[in-house]
Amino acid sequence: MKFIEFTDRTGAPVLINAAGVLYLRGTEGERTEITFAGRSEPLVVAAPLEEVARTLEDATPEPPDPTLALVS
């Protein structure tokens, strides 16, 4: 499990697990709302939508190749 560090709107660091993210929404002022499963209010981070999306995609683990599992 990999966590990503962002800064929330108050300036505090937050660690995010990409597996719990449901969707992202860009807001004014180069901020992004991140909605998680099981959380009623979104987390607002001080980063543009494109940066948050790219960082979350890079942190998502890739599933193992089933062909390699058969060979081993």
Side-chain angles (χ1 to χ4, degrees):
M1 179 175 359
K2 187 173 182 180
F3 286 89
I4 305 126
E5 184 174 338
F6 285 107
T7 304
D8 71 2
R9 63 178 149 201
T10 65
V14 293
L15 295 174
I16 297 172
N17 180 345
V21 175
L22 290 177
Y23 62 90
L24 306 173
R25 185 173 74 164
T27 64
E28 57 190 53
E30 295 293 312
R31 296 180 186 269
T32 302
E33 290 183 352
I34 304 174
T35 302
F36 295 93
R39 182 180 162 123
S40 60
E41 294 185 22
L43 173 68
V44 179
V45 296
L49 178 64
E50 295 80 20
E51 179 184 331
V52 173
R54 187 174 35 260
T55 304
L56 290 171
E57 286 175 351
D58 292 345
T60 304
E62 294 186 23
D65 185 357
T67 307
L68 294 178
L70 292 173
V71 172
S72 65

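Both backbone and side-chain heavy atoms feed into the values below; hydrogens, waters and symmetry mates do not.
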**Q** If I take atom CZ from residue F6 and atom CD1 from residue I34, how far apart are they, to the nearest 0.5 angstrom?
**A** 5.5 Å
**Q** Checking side-chain contact (heavy atoms from CB on, under 4.5 Å) between V52 and each of T32, I16, V21, which is the one that passes?
**A** T32
**Q** Is V44 close to D8 at the side-chain level, that is, under 4.5 Å between some pair of heavy atoms?
**A** no
**Q** If you round to the nearest 0.5 Å, how far is CG of L49 from CZ of R31?
**A** 14.5 Å
**Q** When rounded to the nearest 0.5 angstrom, what distance separates NZ in K2 from CG in L56?
**A** 11.0 Å
**Q** List the steps, then state whether side chain to side chain contact (heavy atoms under 4.5 Å, CB included) holds for R39 with T35.
**A** CA-CA 7 Å; R39 182 180 162 123; T35 302; over 6 Å; no
**Q** Could you grab the distance from atom CD of E41 to atom CZ of F36, nearest 0.5 Å is fine?
**A** 13.0 Å
**Q** Looking only at non-hydrogen atoms, find the nearest pair between I4 and A18 and report the distance.
**A** CD1-CB, 4.3 Å
